Asker: 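Following this message is one structure expressed as structure tokens.
On a predicted model such as this, the values are computed, not experimentally measured, just so you know. Every chain is numbered from 1 and lettered A, B, ... according to where its sequence line falls, protein lines coming before strand lines.
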Number of protein chains: 2
Amino acid sequence: MRFTSQTSADGVTERSFTLGEIPGVLWTPEDAEPRALVLIGHGGGQHKQAPGVTARGLRLAAELGFAAAAIDAPAHGDRPRTADHDRLVTELRARMTGGGDPVPVLAEFHTLLAAQIVPDWCAVLDALGDLGPVGYWGMSLGCALGLPLVAAEPRIRAAVVGLSGTSLASPEAAAKVTVPVRFLLQWDDERVPRTEALALFDALSSPEKTLHANPGGHDAVPAFEADSASRFLARHLG
Amino acid sequence: MRFTSQTSADGVTERSFTLGEIPGVLWTPEDAEPRALVLIGHGGGQHKQAPGVTARGLRLAAELGFAAAAIDAPAHGDRPRTADHDRLVTELRARMTGGGDPVPVLAEFHTLLAAQIVPDWCAVLDALGDLGPVGYWGMSLGCALGLPLVAAEPRIRAAVVGLSGTSLASPEAAAKVTVPVRFLLQWDDERVPRTEALALFDALSSPEKTLHANPGGHDAVPAFEADSASRFLARHLG
């Protein structure tokens, strides 16, 4: 793991890194050992320093004294697209403009990305070393890619996921998740049918799992849910 | 309103009262003016000092500095049954032992009780005077009787309800509720079908409403939801 830049402000140090082909960013408390580490999965079309990702990393470090790490998903941010990615993105655009059903293509894209990012995250965890108990936070694409990771990676002890459903995320992966989960659902999500989101929550095997549903569309999660998710992570990792 | 007894412990004063035919109990911080008032509706077969009701009243006073009040619902606790109550309870028992469907009878019972308790609560609010912003907390029967109250009583600014569905509580009353609502749902509730609980949440007109769903049966709401509900009430009434 090679750190390529470092800045500090408001008690938080932000460092960019690369691990092989994987570009990432690490937030840590400036003057203390981190109490835990949260892996942040960005949304579709976003990247490791999208505003919501950065804001969450800064808050986890500043308010909870946690470390937080984000990486670009394959075909996102600074990472190149393969021929497979290109084929799926082209097909997706064609369906979205031509009126076909984009969901099966998007689901195939998510499955491909999940298979690639799970070993990426495990390698990043290995390289970061012990920064305390590990959690995961990711919505939408970050949920679809996070469930297989949380299912596969025994170091992850709690997860905040949501804004996805059984068409775009794997219910089979969800069924392998057993750690405490906070699941966010937007009641009027224009991208995720309500029944599919409820079915994805239902599929989780975790004895402790809590669904939080709020009115509004995919991008309208109320601010108080961020505070509540922080408390959830603090309760399980702190 | 006539206060009939008073005890204080751990910073909370508990007073029993009667207002006409209505027996109630009031918890207040011992050494400070209350910052708000929460009306607590008990569950079916319970009463104003059932363990869960008392525990909630004590916590609201001790931890938030709120006043809390509970009254016996008609046909519950120290309140007599009328001939109508007796007829419905007899029919309910007959169906529960004889194999008939108790839900329509229970729904009729709830409708009758709601019509009676809404004016009771309004009279209690009048008699208590200004103790700060008013909230409501009630699960199961306390939800079914609380929704018409919250819909009818403009002094109530926020409500924590749940563990009920569209067969046992009125979706028409829910549709008249516009204040912020926290709605608790038990994913494996043996008394409330999941789809009916989701439909009751859906019926609420409140721009701010949040569903919290957890695994387990009707009586297995996790302890952390009580903390979360307290924060919700503090946020809206504090």
Asker: Could you check whether atom CD of Glu190(B) has more than 12 heavy atoms from other residues, nucleotides or ligands sitting under 6.0 Å from it?
Answerer: yes
Asker: Do you know the tightest heavy-atom contact between Ser206(A) and Pro215(B)?
Answerer: O-CG, 4.5 Å
Asker: Please flag which part of Phe183(A) lies under 4.5 Å from any non-hydrogen atom of chain B: side chain, backbone, both or neither.
Answerer: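 For Phe183(A), neither part sits under 4.5 Å from chain B.
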Asker: Is the count of non-hydrogen atoms from other residues, nucleotides or ligands lying under 6.0 Å from Asp10(B) atom CG greater than 12?
Answerer: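 Incorrect, the count does not exceed 12.
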Asker: Counting neighbours of CZ on Arg157(A) that are heavy atoms of other residues, nucleotides or ligands and sit closer than 6.0 Å, is the number greater than 12?
Answerer: no
Asker: Say you draw a straight line from OG1 of Thr210(B) to CG of Leu185(A); how long is it, rounded to the nearest 0.5 Å?
Answerer: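 Rounded to the nearest 0.5 Å, the OG1-CG separation comes out at 11.5 Å.
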Asker: Around Arg95(A), counting heavy atoms of other residues, nucleotides and ligands shown, do more than 12 lie under 6.0 Å from its CZ?
Answerer: yes
Asker: Taking side chain as C-beta onward, heavy atoms only, is Arg194(B) less than 4.5 Å from Asp202(A)?
Answerer: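 They are in contact (side-chain heavy atoms under 4.5 Å apart), so the answer is yes.
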Asker: NZ of Lys209(A) to CH2 of Trp187(B): how many Å apart, nearest 0.5 Å?
Answerer: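 The NZ atom of Lys209(A) sits 7.5 Å away from the CH2 atom of Trp187(B).
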Asker: What part of Leu198(B) gets within 4.5 angstrom of chain A, counting heavy atoms only: side chain, backbone, both, or neither?
Answerer: both
Asker: For Pro207(B), is it the side chain, the backbone, both, or neither that has a heavy atom closer than 4.5 Å to a heavy atom of chain A?
Answerer: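 Just its backbone gets close to chain A.
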